[in-house]
Number of protein chains: 2
Amino acid sequence: MGAEEARIAEAVAWRPGNAIKRAEQALIAEKSRVLRPFGLTVPQYAAMYALSLAPGISGAKLARFCSVTPQSMTTVLKTLESRGLVERRPSSDHAQVLVTRLTRAGQALLRKADAAAVAVERRLVEEFTPDEADRLRDLLERAVVVLQDTPAGE
Amino acid sequence: MGAEEARIAEAVAWRPGNAIKRAEQALIAEKSRVLRPFGLTVPQYAAMYALSLAPGISGAKLARFCSVTPQSMTTVLKTLESRGLVERRPSSDHAQVLVTRLTRAGQALLRKADAAAVAVERRLVEEFTPDEADRLRDLLERAVVVLQDTPAGE
DNA sequence: CGATAACCATAAGAACTCTGATGGACATCA
DNA sequence: TGATGTCCATCAGAGTTCTTATGGTTATCG
């Protein structure tokens, strides 16, 4: 059956989307692995990291920054809040805004988890020359643009 | 607040993982969009496409081919089965294997959905010269390798 | 001042994903 | 023959994600 699997794999190799998908999967698998000792998932880490850069940001802004919907961010924040890693209070300025911040425990955990996450990125950076890294970013950015451009049919 | 968001975006720009993530998100967003008229999600389409290449494959093999866990594939197949797009029967050779195939309705739907999905890949291919496409595949493949290699610490 | 638009939070429902654990079937080899 | 190892399917539980829809607040503009 190995031969059949090779035949199948060949049939989809030409699709560039597959290369992107495999890379992303490897990336989140590795990040998940290094974050697991801290009890954090990748989305949880991403939210905490963003909160460390912009304390008190609204959930909606946080969602935009992490490229997820506000609903997704709400569930992530609820989990983090239940563990005492973040706290949410109504804003004094805007009654409908929930101000979200890392707790001291959250800050402490993030410091350790961030070191592990950054190490993964560093392994990626060190695999490439600066030129190659720029090239990769450029190619991926062009892929994003062509994908986001509404196609001719609409 | 736009200035703060720009400052934050800058703080993560160096991470190559972000470029990969954005590309993958754009890819699945676009594929979801073109598949929606057919009532298919990206994982459902991927499973049906794989089934068209290897009719009667086991769920476990299908999962490996689609790079998901057998558990995930089971949920996808259950959904497809409930819609009459695939059928699963115990194998005559191996009692514990469920042979999965596309139904006629599944084949008909896949033909139409595949045209839409391939069109997305084609837009991607046409954005790049053959050299660039090869370069992108190569860079991403190297990223996968470095991520999958167990790091020095272990 | 009032209407419209923009923004925020959240509920409901469906789908996908994983880890961990269980149990059955097959194959190989001692 | 029997033990070991491998493969398959599935349950249970937790987490993330989306779409769709609701309702409240703020800001802008006529």
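Keep in mind that the numbers below use all heavy atoms, side chains included, and drop hydrogens, waters and symmetry copies. Worth saying up front: this structure is predicted, and the values here are computed from it rather than measured. Throughout, a chain's letter reflects where its sequence line sits, starting with A, and its residues are numbered from 1.
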Worksheet entry | DNA chain C-proximal residues of residues 72-91 of chain A, any heavy atom under 4.0 Å |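 Heavy-atom cutoff 4.0 Å gives Thr74(A), Lys78(A), Arg88(A).
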Item to complete: Kindly write out the residues that satisfy side chain to side chain contact (heavy atoms under 4.5 Å, CB included) with Ser32(A), not counting sequence neighbours, or none if the list is empty.
Response: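 By the side chain to side chain contact (heavy atoms under 4.5 Å, CB included) rule, Ser32(A) matches Arg36(A), Val42(A).
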Worksheet item: Side chains of Leu124(B) and Leu27(B): does their closest heavy-atom pair fall under 4.5 Å?
Response: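 Of all side-chain heavy-atom pairs linking Leu27(B) with Leu124(B), at least one is under 4.5 Å.
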Worksheet item: Is the closest side-chain heavy-atom distance between Arg101(A) and Arg88(A) below 4.5 Å?
Response: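 No, too far: nothing below the 4.5 Å cut-off.
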Worksheet item: Any donor-acceptor pair under 3.5 Å linking the side chain of Arg142(A) with the backbone of Phe128(B)?
Response: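 Checked: no pair found.
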Worksheet entry | same_hphob_cluster(Phe38(B), Leu110(B)) at 4.5 Å side-chain heavy-atom cutoff |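 In one cluster: yes.
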Discussion item. Could you see if Leu140(A) belongs to whatever hydrophobic cluster contains Ile28(B)? Use Ile, Leu, Val, Met, Phe, Trp, Tyr and a side-chain cutoff under 4.5 Å.
Written reply: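 No, no single cluster joins them.
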Practice prompt. I would like to know whether Thr79(A) and Ser82(A) meet side-chain hydrogen bond (donor to acceptor under 3.5 Å, both in side chains); could you show each step before the answer?
Written response: CA-CA 5 Å; Thr79(A) 303; Ser82(A) 74; 5.6 Å; no
Given atom [atom1] of [X] and atom [atom2] of [N], what is their separation to the nearest angstrom?
X: Arg36(A); N: dT16(D); atom1: CZ; atom2: P; answer: 13 Å
X: Arg64(B); N: dT6(D); atom1: CZ; atom2: P; answer: 14 Å
X: Leu35(A); N: dT16(D); atom1: CG; atom2: P; answer: 12 Å
X: Ile57(B); N: dA9(D); atom1: CD1; atom2: C1'; answer: 15 Å
X: Gln71(A); N: dA21(D); atom1: CD; atom2: C1'; answer: 10 Å

Discussion item. Enumerate the salt bridge (Lys or Arg N to Asp or Glu O under 4.0 Å) contacts for residues 75-84 of chain B, please, sequence neighbours excluded, ordered by first and then second residue.
Written reply: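 Qualifying pairs: none.
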Fill in: Closest-nucleotide ordering on DNA chain C, the 5'-leading residue of Gln25(A) and Ser58(A)
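First, find each residue's nearest nucleotide; the 5'-ward one identifies Ser58(A).
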Item to complete: Could you pull out the closest heavy-atom pair between Cys66(A) and Ala46(A), with the gap in Å?
Response: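 Answer, listing the atom of Cys66(A) first, then Ala46(A): SG-O, 3.9 Å.
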Worksheet item: For the residue pair Gly59(B) and Leu77(B), what are the closest heavy atoms and their distance?
Response: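 So the minimum-distance heavy-atom pair works out to CA-CD1, 4.5 Å.
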Within the sub-3.5 Å range, which N or O atoms of nucleotides 24-28 of chain D have a protein N or O partner, and how far apart are they?
| unit_1 | atom_1 | unit_2 | atom_2 | d |
| --- | --- | --- | --- | --- |
| dT25(D) | O3' | Gln96(A) | OE1 | 3.2 |
| dT26(D) | OP1 | Ala95(A) | N | 3.4 |

Ion pair [X]/[Y], N-O distance below 4.0 Å:
X: Arg135(A); Y: Glu132(A); value: no
X: Glu30(A); Y: Arg33(A); value: yes
X: Arg15(B); Y: Glu121(A); value: no

Worksheet item: For DNA chain C, which nucleotides open and close the run of contacts to chain A, 5' to 3', at under 4.0 angstrom from a non-hydrogen atom?
Response: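 The protein-touched segment is dC8(C) to dA11(C).
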Item to complete: Could you identify which residues of residues 39-47 of chain A place a heavy atom less than 4.0 Å from some atom of DNA chain D, listed by residue number, or say none?
Response: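 Heavy-atom contacts with DNA chain D come from Thr41(A), Pro43(A), Gln44(A).
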